[in-house]
Amino acid sequence: MADIFTLGVDVGSTTSKCLILKNGEEIVSSSIIPAGTGTSGPGRALTAALNGAGLELGDLAAVTATGYGRNRFEGADYVVSELSCHALGAHRLTPEACTVIDIGGQDAKAMHIGADGRLESFLMNDKCSAGTGRFLEIMARVLEKDVSELAALDEAAQGIVSISSTCTVFAESEVISQLAGNADLCDLVAGIHASVAAKTAGLVRRLGVTAPVAMTGGVAKNGGVVRALEKELNTSIAVSPLAQLAGALGAAVFAWNKRKERD
Ligand code: ADP
C-alpha cells in the first residue's frame, strides 16, 4: 500500500511551524521559521518541510492548519483550534502527561488532557504579555542577548534579582534600572525567568496541577523557565526536543485521523 503523508501547519503569532507525518506515525520532516502570521513565514515553513521530506504539495493526503493565524493559511483541508492540536501533539510527545503547559510567543495555556489526547479543560492568558515569549524577547533585547542564550545565563546565576512588577512595561524599566545599578546579568536573568514562572504557575494552579506535567511551545526550549516553573509548582516537567512543534504535530495527527475516518 502506498504511504500516506499528512501535514500540520501551526501558524503562530511569531513563528510558523510545519510537520509531515508518514502513515500517521513517522515524522518525516519538520520546519520552524521565526516569522508568524501575515508574513512569508507560513509559506517558507511549508516549502522547507516539503523539501525536507522530498515531497510535493500534491503528495499530501490532507493538510490541517492551526495556530493564531490558521484562518489566513490557504490550502488547508481542515482548520482546527490550537488548543485541540496542542493537546493532540503534546499527547503524542508525552503520552503520560495529564497537565500540559504551553507558552508561545503571545500567550500561555494550561491544559488537562485525557488518555486519548483529547482536551478536557484549559485556561489561557492571551490578554497580557507578561508570562509569554514576548516578555522574554523584550527582556533579552534590553540585555542585548538572544532568547536562546537566556537558559545558559540562568544556569550560571549565583543568586536572583527579583522583578517585582507584573506588567511587562514596568518590568522592562525595572530591568533597565537594575542594569544601571550594576546588577549581575545572570542573577537578573534568573529573576526574569522566576517572574515568567510565577505568572504561569498562577494560571496552572487555577486549573489544577495533575502530574505528570509536560511543557510545549517555544518557551519550553528555555531550560531556565522550565527549571523555575518546576520549582514554583514543586513538580518535574517533561520537555520533548520537539516541544515547539506540538501544535503542528497535533495538526498532522488530526489530518491523519480524519483521513482514516474517510477510508
Ligand atoms: P507562537 O506559536 O505563538 O508563534 P512559539 O510556541 O513558536 O510561539 O514560541 C515562540 C517563543 O519561543 C519566542 O517568543 C521565544 O521566547 C521562544 N523561543 C523560541 N526559540 C527559542 C530558543 N531557541 N530558546 C529559547 N526560547 C526560544
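In what follows, every heavy atom counts, from backbone to side chain, and hydrogens, waters and symmetry copies are set aside.
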**Criterion side-chain contact (heavy atoms from CB on, under 4.5 Å) on Glu172 and Arg141, from CA distance to verdict** = CA-CA 10 Å; Glu172 186 183 8; Arg141 199 188 56 215; 3.6 Å; yes

**Prompt:** What closest approach, in Å, do Ala157 and Cys186 show between heavy atoms, and which atom pair accounts for it?
**Reply:** CB-O, 3.5 Å

**Message:** For residues Val226 and Met139: do they belong to one hydrophobic cluster (side chain heavy atoms under 4.5 Å, members Ile, Leu, Val, Met, Phe, Trp, Tyr)?
**Reply:** yes

**Asked** Honestly curious: do Ile20 and Leu249 fall in one hydrophobic cluster under the side-chain, below-4.5 Å linking rule?
**Response** no

**Arg205, CZ atom: more than 12 neighbouring heavy atoms under 6.0 Å** = yes

**Asked** Do other residues, nucleotides or ligands put more than 12 heavy atoms under 6.0 Å from Glu96 CD?
**Response** yes

**Message:** Is there a side-chain contact (heavy atoms from CB on, under 4.5 Å) between Val225 and His193? Walk through the geometry before answering.
**Reply:** CA-CA 5 Å; Val225 173; His193 289 164; 3.6 Å; yes

**Prompt:** If we only count heavy atoms from C-beta on, is the Ile163 to Leu188 side-chain gap below 4.5 Å?
**Reply:** yes

**Fill in**
Heavy atoms of Ala97 and Ala214 approach each other most closely as CB-CB, 3.7 Å

**Prompt:** Looking only at atom types and distance, does a side-chain atom of Thr132 sit under 3.5 Å from a main-chain N or O of Ser129, one as donor and one as acceptor?
**Reply:** yes

**Complete:** Students should find that the hydrophobic cluster of Leu83, defined by side-chain heavy atoms under 4.5 Å apart, otherwise consists of Val100, Met111, Ile113, Leu119, Phe122, Met124

**Request:** Check whether any side-chain N or O of Thr47 sits under 3.5 Å from a backbone N or O of Gly43 as a donor-acceptor pair, and report yes or no.
**Result:** yes

**Request:** Check whether any side-chain heavy atom of Thr168 lies under 4.5 Å from a side-chain heavy atom of Arg134, and answer yes or no.
**Result:** no

**Prompt:** Can you hop from Leu179 to Leu150 via hydrophobic side chains spaced under 4.5 Å?
**Reply:** yes

**Message:** If you count every heavy atom of other residues, nucleotides or ligands that lies below 6.0 Å from Asn234 atom CG, does the total exceed 12?
**Reply:** no

**Item:** Distance-minimising heavy-atom pair for Ser29 and Gly52
**Value:** CB-C, 3.8 Å

**Request:** Starting at CG of Leu93, measure out to CG of Leu88 and round the result to the nearest 0.5 Å.
**Result:** 11.0 Å

**Item:** Least distance between heavy atoms, Ala48 atom then Ser31 atom
**Value:** CB-CB, 3.7 Å

**Interatomic spacing from SG in Cys98 to NE2 in His91 - rounded to 0.5 Å** = 10.0 Å

**Request:** Check step by step if side-chain contact (heavy atoms from CB on, under 4.5 Å) holds for Val11 and Thr66.
**Result:** CA-CA 6 Å; Val11 185; Thr66 188; over 6 Å; no

**Fill in**
Here the pair of heavy atoms bringing Val219 nearest to Gly104 is CG2-O, 4.1 Å

**Message:** Rounded to the nearest 0.5 Å, what separates atom CG in Leu143 from atom CG in Leu153?
**Reply:** 8.0 Å

**Asked** Any side-chain heavy-atom pair from Val253 and Arg92 closer than 4.5 angstrom?
**Response** yes

**Ile103 and Met215, any side-chain heavy atoms less than 4.5 Å apart** = yes

**Asked** Could you give the distance from OG1 (Thr37) to CG (Asp10), rounded to the nearest 0.5 Å?
**Response** 11.0 Å

**Item:** Positive for side chain to side chain contact (heavy atoms under 4.5 Å, CB included) with Leu7, one of Asp59, Leu19, Thr64, Leu46
**Value:** Leu46

**Prompt:** If we ignore angles and hydrogens, is there a donor and acceptor under 3.5 Å between the side chains of Gln244 and Lys221?
**Reply:** yes

**Item:** Value rounded to 0.5 Å, distance of CD in Glu232 from NZ in Lys199
**Value:** 13.0 Å

**Heavy-atom closest contact (Ala90 atom, Ala246 atom, distance)** = N-CB, 4.2 Å

**Asked** Can Val196 be reached from Leu207 by stepping across I, L, V, M, F, W or Y side chains whose heavy atoms are under 4.5 Å apart?
**Response** no

**Asked** Does the Asn23 side chain pair with the main chain of Glu26, one donor and one acceptor, at a distance under 3.5 Å?
**Response** no

**Item:** Within 6.0 Å of OH in Tyr68, more than 12 heavy atoms from elsewhere
**Value:** no

**Fill in**
So salt bridge (charged side-chain N to carboxylate O under 4.0 Å, His left out) across residues 173-194, not counting sequence neighbours, yields none

**Item:** Lys/Arg-Asp/Glu bridge criterion (N-O < 4.0 Å) met for Glu230, Arg227
**Value:** no

**Prompt:** Do Phe135 and Leu123 sit in the same hydrophobic cluster, where Ile, Leu, Val, Met, Phe, Trp and Tyr count as joined when their side-chain heavy atoms come under 4.5 Å apart?
**Reply:** no

**Message:** Filter on salt bridge (charged side-chain N to carboxylate O under 4.0 Å, His left out), then keep only pairs touching residues 103-121, sequence neighbours left out; what's left?
**Reply:** Glu82-Lys109, Asp102-Lys109, Asp107-Lys109, Asp116-Arg118

**Request:** Rounded to the nearest 0.5 Å, what's the gap from CD on Glu149 to CG on Asn222? Could you check?
**Result:** 11.5 Å

**Asked** Distance-only, no hydrogens or angles: does the Thr99 side chain make a donor-acceptor pair with backbone N or O of Thr210 under 3.5 Å?
**Response** yes

